Enquirer: 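Provided herewith is a single structure, encoded as structure tokens, for subsequent inquiry.
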Amino acid sequence: MNNTLKPTLGTLHLWGIAVGLVISGEYFGWSYGWGVAGTLGFLVTTALIATLYTCFIFSFTELTTAIPHAGGPFAYSRRAFGETGGLIAGMATLIEFVFAPPAIAMAIGAYLNVQYPALNPKTAAVAAYLIFMGLNILGVKLAAMFELVVTVLAVLELLVFMGVVSPGFSVANFAAHGWAGSDSFGLPAVSGIFAAIPFAIWFFLAIEGAAMAAEEAKDPKRTIPKAYISGILTLVVLAIGVMLLAGGAGDWRKLSDINDPLPQAMKMIVGEHSNWMHMLVWIGLFGLVASFHGIILGYSRQFFALARAGYLPRSLATLSRFQTPHRAILLGGAIGIAAIYSDGLINLQGMSLTAAMITMAVFGAIIMYIMSMLSLFKLRRSEPNMARSFRAPGYPVVPGIALVLSLVCLVAMLWFNPLIGGLFIAMMAVGYLYFRATKAQRDNAPQDAMLMGE
């Protein structure tokens with residue numbers, strides 16, 4: 001069975017994947033944080049999370065370049081902590097990348113519904129799955145080129161949004177009712193800051209997914225650091241700019257619990273029938289599509305890597321004639337479509353489907369960040385002579401900051417989201433039971449020097 005991925009991606013492709021995976025977070029999702037923290041409280045949360053991600057990416061890049069493996073965090077943790085470590089990181093990453101796309105698909109549906117009110121958002125969301133699963137199956141080079149184009153358009157659109165709404169920006173609008181704890185929300189300010197963590201993480205969630213394209217990168221030791229560092233800087237600037245200018249456009253409370261805050265913010269400045277509005281809705285879809293399409297690539301490579309190593313059924317590691325893991329792509333899509341149609345059937349802490357899926361994905365991300373930073377520290381001690389073309393700057397302080405902030409986020413997430421946290425733990429437990437029952441499957445899997453440290 002052919003299970004070797006081909007290196008075809010350059011620095012610009014990888015930047016497109018890194019930024020594209022995340023950029024939908026600038027278009028929607030984050031504004032739910034205003035509902036629990038207020039604009040000023042959420043600004044504090046975002047500054048905290050931006051610090052976490054900047055420290056994390058500078059540290060994570062050391063692992064990605066030293067171990068350029070499609071499994072990403074799974075590979076690093078298995079090499080550092082053995083099979084059980086690999087399981088924890090691999091399952092957490094899989095949950096992150098499988099549960100993020102349904103939230104983005106629903107936002108795609110919401111954007112299209114602005115233009116076509118008769119269109120059911122769920123129908124549009126499922127259509128998005130079918131189209132972009134097909135594109136991913138047709139080949140990684142084609143998929144990466146598409147990702148790069150839509151990512152560049154999405155970045156340009158965010159800059160246009162900021163330019164159009166900036167004349168109407170008012171500090172007074174942004175600061176009004178800015179701390180949760182007012183009569184509008186009734187939460188203490190500090191409590192709101194921590195409760196809003198998953199929505200600030202959504203600004204940056206999944207940038208680490210570019211690591212799963214490492215086996216398909218040309219000269220990963222050189223191209224990946226350039227892509228990651230330029231990517232995180234791009235995203236921090238966009239996140240802060242979009243949030244400030246949207247919040248100052250008018251009464252931000254009207255934007256705090258919806259899936260299309262940018263069109264609605266622009267409407268406050270230019271009116272409902274402006275050509276700017278129509279442009280934002282249509283081109284704004286590129287941001288959602290970039291992340292949706294990129295995360296499909298990410299989850300498929302995680303399924304592929306786990307299956308190739310014997311952690312999941314071997315059939316998921318089968319490649320199509322286009323050299324893509326088509327069965328893994330289809331499985332993740334089936335789970336996502338099922339999640340979309342569960343909307344309204346299951347009540348998760350009174351959240352909308354979008355907020356619940358974001359929160360579940362964030363639980364997976366936080367566990368993966370913790371395992372990755374622990375792996376970095378462990379491998380520095382256990383394999384000091386490992387070839388490291390990029391070394392985490394400020395070691396051990398910078399990765400230490402990322403680890404501590406990730407632990408703080410995990411505690412806050414469990415405190416404010418006990419039901420979804422319980423479901424996350426249950427999924428991890430099911431994965432562990434399967435792991436315990438399939439040792440022979442792992443023993444018979446092909447040997448992988450990058451996983452074993454040989």
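All values derive from a computational prediction rather than experimental measurement.
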Enquirer: Apply salt bridge (charged side-chain N to carboxylate O under 4.0 Å, His left out) to Glu62 and list each qualifying residue two or more places apart in sequence or on a separate chain.
Expert: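 Glu62: salt bridge (charged side-chain N to carboxylate O under 4.0 Å, His left out) contacts with Arg380, Arg388.
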Enquirer: Taking salt bridge (charged side-chain N to carboxylate O under 4.0 Å, His left out) as the test, write out the residues that go with Lys439, two or more places apart.
Expert: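 Checked Lys439 against salt bridge (charged side-chain N to carboxylate O under 4.0 Å, His left out); matches are Asp443.
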Enquirer: Starting at OH of Tyr299, measure out to CZ of Arg301 and round the result to the nearest 0.5 Å.
Expert: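 Answer rounded to 0.5 Å: 10.5 Å.
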Enquirer: Name all residues meeting the ring pair (Phe, Tyr, Trp, His ring centres under 6.0 Å) criterion together with Phe303; count only those two or more places apart in sequence or in a different chain, and write none if there are none.
Expert: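 Scan of Phe303 (ring pair (Phe, Tyr, Trp, His ring centres under 6.0 Å), adjacent residues dropped) gives none.
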Enquirer: Using a 3.5 Å distance criterion without hydrogens, assess whether the side chain of Thr151 forms a donor-acceptor pair with backbone atoms of Glu147.
Expert: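 At least one qualifying donor-acceptor pair exists.
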Enquirer: Among side-chain atoms of Ser59 and Tyr395, is any donor-acceptor pair under 3.5 angstrom?
Expert: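 Ser59 vs Tyr395: no donor-acceptor pair found between side chains.
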Enquirer: What pairs with Ser31 under side chain to side chain donor-acceptor pair (under 3.5 Å), at least two apart in sequence or on another chain?
Expert: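 Ser31 satisfies side chain to side chain donor-acceptor pair (under 3.5 Å) with no residue once adjacent residues are dropped.
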Enquirer: Using side-chain contact (heavy atoms from CB on, under 4.5 Å), reason through Leu306 and Leu316 one step at a time and then give a plain yes or no.
Expert: CA-CA 9 Å; Leu306 288 167; Leu316 292 174; over 6 Å; no
Enquirer: Please name all residues satisfying ring pair (Phe, Tyr, Trp, His ring centres under 6.0 Å) with Tyr369, sequence neighbours left out, ordered by chain then number.
Expert: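 Residues passing ring pair (Phe, Tyr, Trp, His ring centres under 6.0 Å) with Tyr369: Tyr53, Phe56.
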Enquirer: Using modelled atom types and a 3.5 Å cut-off, is there a donor and acceptor pairing between side-chain atoms of His69 and backbone atoms of Ala75?
Expert: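 Side chain of His69 to backbone of Ala75, a donor-acceptor pair under 3.5 Å: no, none is there.
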Enquirer: CG of Leu135 to OG1 of Thr324: how many Å apart, nearest 0.5 Å?
Expert: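 Reported value, rounded in 0.5 Å steps: 10.5 Å.
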Enquirer: Under 4.5 Å between any side-chain heavy atoms of Phe97 and Glu208, yes or no?
Expert: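 In contact.
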Enquirer: Do the side chain of Lys378 and the main chain of Ala80 share a donor and acceptor less than 3.5 angstrom apart?
Expert: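 Side chain of Lys378 to backbone of Ala80, a donor-acceptor pair under 3.5 Å: yes, one is there.
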Enquirer: Sequence neighbours excluded, which residues qualify as side chain to side chain contact (heavy atoms under 4.5 Å, CB included) partners of Leu43?
Expert: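 So Leu43 forms a side chain to side chain contact (heavy atoms under 4.5 Å, CB included) with Phe174, Met243, Leu244.
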Enquirer: Hey, does Met162 have a side-chain heavy atom less than 4.5 Å from the side chain of Leu238?
Expert: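 Leu238 reaches Met162 side chain to side chain.
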Enquirer: Under 3.5 Å, side chain of Ser300 to main-chain N/O of Ile329, donor-acceptor pair present?
Expert: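 Side chain of Ser300 to backbone of Ile329, a donor-acceptor pair under 3.5 Å: no, none is there.
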Enquirer: Trp30 and ring pair (Phe, Tyr, Trp, His ring centres under 6.0 Å): which single residue from Tyr27, Tyr32, Trp34 fits?
Expert: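 Per the ring pair (Phe, Tyr, Trp, His ring centres under 6.0 Å) rule, the option paired with Trp30 is Trp34, out of Tyr27, Tyr32, Trp34.
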Enquirer: So which atom in Arg442 and which in Gly310 form the shortest heavy-atom distance, rounded to 0.1 Å?
Expert: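 Arg442 and Gly310 have their closest heavy atoms at CG-O, 3.1 Å.
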Enquirer: side-chain contact (heavy atoms from CB on, under 4.5 Å) between Met106 and Lys122: does it pass, once the steps are laid out?
Expert: CA-CA 7 Å; Met106 287 297 288; Lys122 289 183 181 179; 4.2 Å; yes
Enquirer: Measuring only between side-chain heavy atoms, which start at C-beta, is Leu379 closer than 4.5 Å to Leu63?
Expert: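 Yes - at least one pair of side-chain heavy atoms lies under 4.5 Å apart.
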Enquirer: For Leu414 and Phe363, work out which heavy atoms get closest and say how close.
Expert: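 Looking at all heavy atoms of both residues, the shortest contact is CD2-CE2, 3.6 Å.
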Enquirer: Using the test salt bridge (charged side-chain N to carboxylate O under 4.0 Å, His left out), find all partners of Arg391 that sit at least two apart in sequence or belong to another chain.
Expert: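 Result, salt bridge (charged side-chain N to carboxylate O under 4.0 Å, His left out) vs Arg391: none returned.
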Enquirer: Can you name the nearest heavy-atom pair linking Leu14 to Ala227, along with the distance?
Expert: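 The answer is CB-CB, 3.6 Å.
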Enquirer: Over all heavy atoms of both residues, which pair between Leu21 and Ile295 is shortest? Give the atoms and the distance, please.
Expert: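 Closest approach of Leu21 to Ile295: CD2-N, 3.3 Å.
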Enquirer: Compare all side-chain heavy atoms of Ile420 with those of Phe424 and state whether any distance is below 4.5 angstrom.
Expert: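 Ile420 vs Phe424: side chains apart.
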Enquirer: Any sub-3.5 Å donor-acceptor pair from Gln441's side-chain atoms to Leu312's backbone N or O?
Expert: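 Such a contact is found between Gln441 side chain and Leu312 backbone.
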Enquirer: What I'd like to find out is whether the side chain of Phe194 reaches to under 4.5 Å of the side chain of Val44, using heavy atoms alone.
Expert: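 Phe194 vs Val44: side chains apart.
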Enquirer: Under the ring pair (Phe, Tyr, Trp, His ring centres under 6.0 Å) test, which residues partner Tyr311, sequence neighbours left out?
Expert: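 Listed in chain order: Phe74, Phe435.
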Enquirer: Can you tell me how far OG1 of Thr54 sits from CD1 of Ile229, rounded to the nearest 0.5 angstrom?
Expert: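 If we round to the nearest 0.5 Å, Ile229:CD1 and Thr54:OG1 are 11.0 Å apart.
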Enquirer: Show the nearest heavy-atom pair for residues Gly400 and Phe377, with the distance to one decimal.
Expert: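 For Gly400 versus Phe377, the nearest heavy atoms are N-CZ, 3.7 Å.
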Enquirer: Under the side chain to side chain donor-acceptor pair (under 3.5 Å) test, which residues partner Ser291, sequence neighbours left out?
Expert: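 By the side chain to side chain donor-acceptor pair (under 3.5 Å) rule, Ser291 matches Ser24.
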Enquirer: Would you check, one step at a time, whether the test side-chain contact (heavy atoms from CB on, under 4.5 Å) holds for Leu158 with Ile23?
Expert: CA-CA 10 Å; Leu158 290 175; Ile23 200 163; 3.9 Å; yes
Enquirer: Determine whether Trp15 and Val152 make a side-chain contact, defined as any pair of heavy atoms from C-beta on separated by less than 4.5 Å.
Expert: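 SC-SC contact between Trp15 and Val152 confirmed.
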Enquirer: Calculate, to the nearest 0.5 Å, the distance between atoms CD1 and CD1 belonging to Ile201 and Ile49 respectively.
Expert: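 The distance works out to 4.5 Å.
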Enquirer: Only one of Thr234, Val19, Leu235 forms a side-chain contact (heavy atoms from CB on, under 4.5 Å) with Ile207, so which one is it?
Expert: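 For Ile207, the side-chain contact (heavy atoms from CB on, under 4.5 Å) check succeeds only for Leu235.
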Enquirer: Which pairs, with at least one residue in residues 401-419 and sequence neighbours excluded, count as a salt bridge (charged side-chain N to carboxylate O under 4.0 Å, His left out)?
Expert: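 Passing the test, one end in residues 401-419: no pairs.
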Enquirer: So, does Thr318 use its side chain to make a donor-acceptor pair with the main chain of Ser315 at under 3.5 Å?
Expert: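 Indeed, once roles are kept as given, a pair shorter than 3.5 Å links the two residues.
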Enquirer: Who passes ring pair (Phe, Tyr, Trp, His ring centres under 6.0 Å) against Phe146, sequence neighbours left out?
Expert: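 For Phe146 the ring pair (Phe, Tyr, Trp, His ring centres under 6.0 Å) partners, ignoring immediate neighbours, are Phe132, His293.
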Enquirer: Evaluate the side-chain contact (heavy atoms from CB on, under 4.5 Å) criterion for residues Glu26 and Leu262: first the C-alpha distance (whole Å), next the side-chain angles of each, then the deciding distance (0.1 Å), finally the verdict.
Expert: CA-CA 9 Å; Glu26 270 69 6; Leu262 299 194; 6.0 Å; no
Enquirer: Test your reading of the model: is there a side-chain donor-acceptor pair from Thr45 to the backbone of Gly41, 3.5 Å cut-off?
Expert: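 Checking the backbone N and O of Gly41 against the side chain of Thr45, a donor-acceptor pair under 3.5 Å is found.
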Enquirer: Between CZ of Arg79 and CE of Met386, what distance do you get to the nearest 0.5 Å?
Expert: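 Rounded to the nearest 0.5 Å, the CZ-CE separation comes out at 3.5 Å.
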Enquirer: I'd like to know whether the aromatic ring centres of Phe58 and Tyr228 sit less than 6.0 Å apart in this structure.
Expert: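 Ring centroids of Phe58 and Tyr228 are no less than 6.0 Å from each other.
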Enquirer: Just how far is it from atom CG of Leu330 to atom CG of Leu130, taken to the nearest 0.5 Å?
Expert: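 Rounded to the nearest 0.5 Å, the CG-CG separation comes to 9.5 Å.
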Enquirer: So, using side chain to side chain contact (heavy atoms under 4.5 Å, CB included) as the criterion, who are the partners of Leu407 when residues are at least two apart?
Expert: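 Partners of Leu407 by the side chain to side chain contact (heavy atoms under 4.5 Å, CB included) criterion, ordered by chain and then number, come out as Ile370, Leu403.
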Enquirer: Answer yes or no: is there a side-chain heavy-atom contact under 4.5 Å between Ser389 and Arg222?
Expert: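 Not in contact.
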Enquirer: Answer yes or no: is there a side-chain heavy-atom contact under 4.5 Å between Ile340 and Tyr129?
Expert: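 They are in side-chain contact.
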Enquirer: Can you see which heavy atom on Ala305 is nearest to which on Gly71, and at what distance?
Expert: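 The pair with the smallest heavy-atom distance is CB-CA, 3.3 Å.
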